[in-house]
Amino acid sequence: MNSEKKCEVLCSESNKPVTLSMKESRLVAERITEDYYVHLIADNLPVATRLEFYASRDGDDKKKEKDVQFEHGYRLGFMDVNKIYLHNHLSFILYYHREDLEEDQEHTYRVVRFEVIPQSIRLEDLKVDEKSSCTLPEGTNSSPQEIDPTKENQLYFTYSVHWEESDIKWASRWDTYLTMSDVQIHWFSIINSVVVVFFLSGILSMIIIRTLRKDIANYNKEDDIEDTMEESGWKLVHGDVFRPPQYPMILSSLLGSGIQLFCMILIVIFVAMLGMLSPSSRGALMTTACFLFMFMGVFGGFSAGRLYRTLKGHRWKKGAFCTATLYPGVVFGICFILNCFIWGKHSSGAVPFPTMVALLCMWFGISLPLVYLGYYFGFRKQPYDNPVRTNQIPRQIPEQRWYMNRFVGILMAGILPFGAMFIELFFIFSAIWENQFYYLFGFLFLVFIILVVSCSQISIVMVYFQLCAEDYRWWWRNFLVSGGSAFYVLVYAIFYFVNKLDIVEFIPSLLYFGYTALMVLSFWLLTGTIGFYAAYMFVRKIYAAVKID
């Protein structure tokens with residue numbers, strides 16, 4: 001602590017240069033061309049490279065402010081005119097904060113920032129003595145250390161340490177890493193989304209409430225028997241609207257998983273927004289999400305069981321098993337397959353086998369029993385009461401117009417919720433794939449609320465149009481259509497892959513699309529569930545309002 005080092009040599013016995021064999025040189029050169037980063041940790045702080053660039057706010061050159069941003073880790077090397085250079089000298093700058101104490105006590109030091117300036121210095125330019133310390137070349141007259149992949153390379157690995165006192169307190173030492181360059185854009189996106197949602201709500205309430213009032217008033221008039229003969233619209237399907245759909249077990253299982261996801265995401269974002277998931281405990285977010293998903297099985301099971309009972313299902317044990325294994329099974333399967341590929345590459349990013357086994361034990365030891373418990377109580381509870389009776393004989397469905405097609409519905413319903421969260425999605429993608437920090441959970445919480453509201457509204461509009469077209473098979477269709485924004489997320493992920501990322505290898509591409517598939521699936525379940533429950537409440541409300549003979 002607090003001891004300066006001008007220049008020290010690493011990894012070399014009796015101060016001979018390190019020799020990289022041809023195979024090692026080729027590997028290093030390959031990693032540099034693929035833009036690999038090195039991550040180091042000191043006192044639980046990740047190393048960061050300072051990037052300074054001028055913010056050209058003023059035309060006046062003298063008043064130009066420097067914008068400072070931090071990049072996670074440092075680059076392994078760089079390329080210049082088809083030659084490859086390795087960063088073999090690291091200048092560490094450690095900022096410390098001195099705690100204020102009584103006079104006779106010794107000072108305690110706390111590391112509050114960890115920066116690195118990577119340099120490439122040629123073997124010939126470094127002077128090394130017997131004590132494994134070295135002298136750096138003066139000024140800018142040194143050449144960088146080239147790595148030639150076609151032969152052996154000799155070089156020194158060196159480092160220097162510089163300590164600086166800082167006013168940053170230990171509690172706020174993460175702030176430099178988490179300061180986003182442009183918070184402005186998040187506010188713009190949220191205001192934009194809120195305007196969209198209000199606009200949507202306005203249109204929705206005008207159309208639907210006015211039309212519905214008119215519809216209900218007409219339907220409840222008992223003037224002429226002739227008029228009632230020529231009924232049209234959603235009242236006609238009152239005898240079929242609550243007819244159970246095909247595969248009620250799978251539908252209720254998916255919706256149960258959707259409820260489980262919804263509760264988990266809501267709690268995780270809320271807790272993170274309050275600042276309880278510190279970025280210093282790495283993996284806290286993921287761990288919390290996993291545990292919460294397991295424990296939310298009670299709610300998932302309960303809602304699935306109650307819905308399954310409403311849809312006239314009888315085999316509750318099979319239904320509970322389906323709920324506990326369908327979505328988690330798909331997720332676990334995809335993760336396991338991707339992990340096998342990562343293992344094959346001997347990557348340190350692979351999930352260790354014991355962790356996999358622990359997750360399996362949690363799934364079957366915590367999640368499964370909880371889902372069964374919730375399902376049992378949900379199935380025993382009174383089913384949702386439907387305001388109208390279902391006829392014995394199903395009614396014939398008239399031929400539908402082209403715009404009532406499922407795929408057209410998905411395209412129409414997905415665009416608004418996706419538009420509301422598009423900017424946040426860009427930042428989340430950057431955080432996952434582009435080595436950025438993401439810590440704007442307050443914004444994320446707002447965006448999540450906006451997403452819930454817009455999904456519900458769109459879903460109600462879609463189900464109303466469908467019932468007006470006298471098509472009563474709305475259960476599955478509404479679940480699929482409400483999750484329409486997941487389709488746009490998939491399209492955006494492909495666009496992001498092609499335009500923003502330079503991934504050329506097979507396995508990284510496979511990982512990208514594997515994880516994207518998981519995101520899209522989870523997002524579809526989430527938005528589909530929100531839309532389904534909104535539509536179900538709406539349908540029950542409107543049929544309760546009309547008098548049916």
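Note that the structure is a prediction, hence the values are computed from the model and not measured.
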Ignoring hydrogens and angles, tell me if any N or O in the side chain of [X] forms a donor-acceptor pair with the backbone of [Y] under 3.5 Å.
{"X": "T49", "Y": "G73", "answer": "yes"}
{"X": "T33", "Y": "A29", "answer": "yes"}
{"X": "N88", "Y": "F157", "answer": "no"}
{"X": "Y488", "Y": "L411", "answer": "yes"}

[atom2] on [Y] to [atom1] on [X], rounded to 0.5 Å:
{"X": "L526", "Y": "L521", "atom1": "CG", "atom2": "CG", "value": "11.0 Å"}
{"X": "E165", "Y": "L94", "atom1": "CD", "atom2": "CG", "value": "13.5 Å"}
{"X": "I432", "Y": "F429", "atom1": "CD1", "atom2": "CZ", "value": "6.5 Å"}
{"X": "R98", "Y": "N2", "atom1": "CZ", "atom2": "CG", "value": "7.0 Å"}
{"X": "Y533", "Y": "S459", "atom1": "OH", "atom2": "OG", "value": "12.5 Å"}
{"X": "C322", "Y": "Y308", "atom1": "SG", "atom2": "OH", "value": "9.0 Å"}

For residues [X] and [Y], report the shortest heavy-atom separation together with the two atoms involved.
{"X": "C11", "Y": "V18", "answer": "O-CG2, 3.6 Å"}
{"X": "A324", "Y": "L368", "answer": "CB-CD1, 3.2 Å"}
{"X": "G514", "Y": "I334", "answer": "O-CG2, 4.0 Å"}
{"X": "I147", "Y": "S25", "answer": "CG2-O, 3.8 Å"}
{"X": "A304", "Y": "G256", "answer": "CB-CA, 3.9 Å"}

* Selection residues 368-380 - residue pairs positive for side chain to side chain donor-acceptor pair (under 3.5 Å), sequence neighbours left out -> Y376-R380
* Summary of side chain to side chain donor-acceptor pair (under 3.5 Å) pairs that have at least one residue in residues 109-120, sequence neighbours excluded -> R50-E115, S91-Q119, R113-E115
Check whether any side-chain heavy atom of [X] lies under 4.5 Å from a side-chain heavy atom of [Y], and answer yes or no.
{"X": "I507", "Y": "E505", "value": "no"}
{"X": "V539", "Y": "V463", "value": "yes"}
{"X": "V447", "Y": "S193", "value": "no"}
{"X": "K500", "Y": "F426", "value": "yes"}
{"X": "Q260", "Y": "S367", "value": "yes"}
{"X": "L45", "Y": "V111", "value": "yes"}
{"X": "L251", "Y": "Y247", "value": "no"}
{"X": "L285", "Y": "V268", "value": "yes"}

Assess whether atom [atom1] of [X] is packed by more than 12 heavy atoms of other residues, nucleotides or ligands within 6.0 Å.
{"X": "F199", "atom1": "CZ", "value": "no"}
{"X": "D167", "atom1": "CG", "value": "no"}
{"X": "F78", "atom1": "CZ", "value": "yes"}
{"X": "Y384", "atom1": "OH", "value": "yes"}

Between side-chain atoms of residues 286-300 and protein atoms elsewhere (two or more places apart, or another chain), which donor-acceptor pairs fall under 3.5 Å?
unit_1 : atom_1 : unit_2 : atom_2 : d
T287   : OG1    : G283   : O      : 2.6
T288   : OG1    : A284   : O      : 2.5

How are the rings of [X] and [Y] set relative to one another: parallel (under 30°), tilted (30 to 60°) or perpendicular (over 60°)?
{"X": "W433", "Y": "Y512", "answer": "tilted"}
{"X": "W343", "Y": "F353", "answer": "tilted"}
{"X": "F443", "Y": "W187", "answer": "perpendicular"}
{"X": "F422", "Y": "Y492", "answer": "perpendicular"}
{"X": "Y74", "Y": "H87", "answer": "tilted"}
{"X": "Y159", "Y": "F92", "answer": "tilted"}

* Report the C-alpha separation of F479 and L525 in whole Å, then their side-chain angles, then the decisive distance to 0.1 Å, and conclude whether the side chain to side chain contact (heavy atoms under 4.5 Å, CB included) test is met. => CA-CA 8 Å; F479 182 48; L525 263 187; 3.8 Å; yes
* **Donor + acceptor pair across side chains of T516, Y496 (<3.5 Å)** => no
* Would Y327 and S522 count as a side-chain hydrogen bond (donor to acceptor under 3.5 Å, both in side chains) if you check the C-alpha gap in whole Å, the side-chain angles of each, and the deciding distance to 0.1 Å? -> CA-CA 9 Å; Y327 168 71; S522 308; 2.6 Å; yes
* CA sep, side-chain torsions, deciding dist, call: W475, F532, side chain to side chain contact (heavy atoms under 4.5 Å, CB included) -> CA-CA 8 Å; W475 304 88; F532 176 86; 3.6 Å; yes
Does [X] have any salt bridge (charged side-chain N to carboxylate O under 4.0 Å, His left out) partners at least two apart in sequence or in another chain, and if so, which?
{"X": "R306", "result": "none"}
{"X": "E424", "result": "none"}
{"X": "E8", "result": "none"}

* Asked: Are the aromatic rings of F418 and F487 close, with centres under 6.0 Å apart?
  -> no
* **Trace of the side-chain hydrogen bond (donor to acceptor under 3.5 Å, both in side chains) decision for H89 with T158** => CA-CA 5 Å; H89 176 81; T158 55; 2.7 Å; yes
